[in-house]
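All values derive from a computational prediction rather than experimental measurement. When a residue number appears, it is its place in the shown sequence, counting from 1.
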Amino acid sequence: MDHAPTMSGPQPSPRSDAQAPAGSSVAANPGNTLPSDDDKLQVTSHNQYKTPRLVRDLLDPSPLKQFQRWLGDAMNPPREEVQDATGDRVRLEPVHEPEAMTLCTALPNGIPSARVVLLKQVDARGFVFYTNYHSRKSRELDANPYASMAFYWREQSRSVRVVGRAEKVSREESEAYFASRPRGSQIGAWASRQSEEVESEEQVARWVEEVEKQYEGHEVPCPPHWGGWRVVPFEVEFWSGQPSRLHDRFRYTRPEGAEDAEWKIKRLSP
């Protein structure tokens, strides 16, 4: 999964979120758009968030452990209800595909690019995703090894932002993860010339057919041009949506490269 679909020009008005579940945003204005011409689409919704408070005393000293806690809540929310900022009792809802994240890279001259990829591991050192090492994101990380990531869990009105330095994971890690992938995905990793222009869909189908014939009756090995990146963070922010845009925000920071240093935790203004 490399890129999210884009939207341009006039689009149908999104549905009202007036019946959104607890733990998600609730629309105060069910009419989400204003009349617009062919050149403009204006969004006028004003959501009021119903989310448990993010409190400093409950934060883990490590943002990686705090992220694991939030990711666990996104995948398997606790059954018990908790109190939000208005005193109401709310229950966190499960998040669809919480591992999806926006990954931002940039050229050395500062021109950025962003795409949606899937997180595959978070460990004591950082956040890991896998991709083609010939892809645009990999080429940009080779030239400028800094990346930012953003997770948005709409169902729970929570977001996490990460900034760090990217490094390739070991070959052993890449091969172990590749072996766990479905065979079709393994074939695709060999067949795809990721981010390159192609003449047609039929051309991609021919490449896939060639790889299928090559490995028919055999295991598919991990391509040398495919593997993982680990983003080792030096800044992580946790955001929890609150009423009237008075959101809870906490930022963890440490010096770049100082992986044994204690994280500093500061509350940020909404």
Do [X] and [Y] touch side chain to side chain, with heavy atoms closer than 4.5 Å?
{"X": "Leu54", "Y": "Leu59", "value": "yes"}
{"X": "Arg161", "Y": "Trp239", "value": "no"}
{"X": "Val169", "Y": "Val128", "value": "yes"}
{"X": "Tyr152", "Y": "Val160", "value": "no"}
{"X": "Val232", "Y": "Glu167", "value": "yes"}
{"X": "Val162", "Y": "Glu235", "value": "no"}
{"X": "Ile265", "Y": "Arg251", "value": "no"}
{"X": "Phe129", "Y": "Leu118", "value": "no"}

Short side-chain donor-acceptor distance under 3.5 Å, [Y] and [X]:
{"X": "Glu140", "Y": "Tyr146", "value": "no"}
{"X": "Lys137", "Y": "Thr131", "value": "yes"}
{"X": "Gln242", "Y": "Ser240", "value": "yes"}
{"X": "Gln194", "Y": "Ser192", "value": "no"}
{"X": "Thr105", "Y": "Ser113", "value": "yes"}

- [ ] Any pair with a residue in residues 250-270 that passes ring pair (Phe, Tyr, Trp, His ring centres under 6.0 Å), sequence neighbours left out, goes on the list, sorted by first then second residue, please.
- [x] Phe238-Tyr252
Can any side-chain N or O of [X] pair as donor or acceptor with the backbone N or O of [Y] at less than 3.5 Å?
{"X": "Thr51", "Y": "Gly241", "value": "yes"}
{"X": "Glu237", "Y": "Arg249", "value": "no"}
{"X": "Ser138", "Y": "Ser135", "value": "no"}

- [ ] Please list, chain by chain and in numerical order, all residues satisfying side-chain hydrogen bond (donor to acceptor under 3.5 Å, both in side chains) with Arg267, sequence neighbours excluded.
- [x] Asp248
Open item on the list: Assess the residue pair Gln42 and Thr44 against the criterion (side chain to side chain contact (heavy atoms under 4.5 Å, CB included)); give the C-alpha distance rounded to whole Å, side-chain angles, the decisive distance to 0.1 Å, and a yes or no.
Closed with: CA-CA 6 Å; Gln42 185 173 356; Thr44 61; 4.2 Å; yes
- [ ] Please check if Trp207 and Tyr133 belong to a single hydrophobic cluster, counting links between Ile, Leu, Val, Met, Phe, Trp and Tyr side chain heavy atoms closer than 4.5 Å.
- [x] no
Open item on the list: Assigning hydrophobic clusters by single linkage (Ile, Leu, Val, Met, Phe, Trp, Tyr; side-chain heavy-atom cutoff under 4.5 Å), is Met75 placed with Val122?
Closed with: yes
Rounded to the nearest 0.5 Å, what's the gap from [atom1] on [X] to [atom2] on [Y]? Could you check?
{"X": "Gln214", "Y": "Ile187", "atom1": "CD", "atom2": "CD1", "result": "8.5 Å"}
{"X": "Gln186", "Y": "Trp226", "atom1": "CD", "atom2": "CH2", "result": "9.0 Å"}
{"X": "Glu99", "Y": "Leu119", "atom1": "CD", "atom2": "CG", "result": "7.5 Å"}
{"X": "Trp153", "Y": "His96", "atom1": "CH2", "atom2": "NE2", "result": "14.5 Å"}
{"X": "Trp229", "Y": "Arg165", "atom1": "CH2", "atom2": "CZ", "result": "10.0 Å"}
{"X": "Gln48", "Y": "Ser244", "atom1": "CD", "atom2": "OG", "result": "5.0 Å"}

Specify the closest pair of heavy atoms between [X] and [Y], including all atoms of both residues, with the distance to one decimal.
{"X": "Val116", "Y": "Ala100", "answer": "CG1-CB, 4.2 Å"}
{"X": "Ser62", "Y": "Asp60", "answer": "N-OD1, 2.9 Å"}
{"X": "Met149", "Y": "Leu103", "answer": "CG-CD1, 3.8 Å"}
{"X": "Val236", "Y": "Pro233", "answer": "CG2-CB, 3.8 Å"}
{"X": "Glu175", "Y": "Cys222", "answer": "CG-CB, 4.0 Å"}
{"X": "Leu92", "Y": "Pro52", "answer": "CD2-CD, 3.8 Å"}

Open item on the list: Once you measure the plane-to-plane angle for Tyr130 and Tyr177, does it fall in the parallel (<30°), tilted (30-60°) or perpendicular (>60°) bin?
Closed with: parallel
- [ ] Anything under 30° is parallel, anything over 60° is perpendicular, the rest tilted; go ahead and classify His247 against Tyr49.
- [x] perpendicular
Open item on the list: Could you walk me through whether Phe151 and Thr102 satisfy the side chain to side chain contact (heavy atoms under 4.5 Å, CB included) test, starting with their C-alpha distance in whole Å, then the side-chain angles of each, then the deciding distance to 0.1 Å, before giving a yes or no?
Closed with: CA-CA 7 Å; Phe151 298 83; Thr102 299; over 6 Å; no
Task: Cation-pi geometry met for Arg254 and Phe234 (6.0 Å, 45°) - done: no
- [ ] Could you tell me whether Arg158 sits above the aromatic face of Trp70, with NZ or CZ closer than 6.0 angstrom to the six-membered ring centre and within 45 degrees of the axis?
- [x] yes
Residues [X] and [Y] bridged, charged N to O under 4.0 Å:
{"X": "Arg230", "Y": "Glu173", "result": "yes"}
{"X": "Arg125", "Y": "Glu259", "result": "yes"}
{"X": "Glu210", "Y": "Arg206", "result": "no"}

TODO: Dump the intermediate steps for side chain to side chain contact (heavy atoms under 4.5 Å, CB included) on Glu81 and Val90, then the final yes or no.
DONE: CA-CA 5 Å; Glu81 294 181 340; Val90 298; over 6 Å; no
TODO: Would you please test Lys65 and Arg69 for side chain to side chain contact (heavy atoms under 4.5 Å, CB included) and show each step?
DONE: CA-CA 6 Å; Lys65 291 183 179 179; Arg69 182 186 302 169; over 6 Å; no
Open item on the list: My understanding is that only residues two or more places apart in sequence, or in another chain, count here; which of them pass ring pair (Phe, Tyr, Trp, His ring centres under 6.0 Å) with Tyr215?
Closed with: Trp190
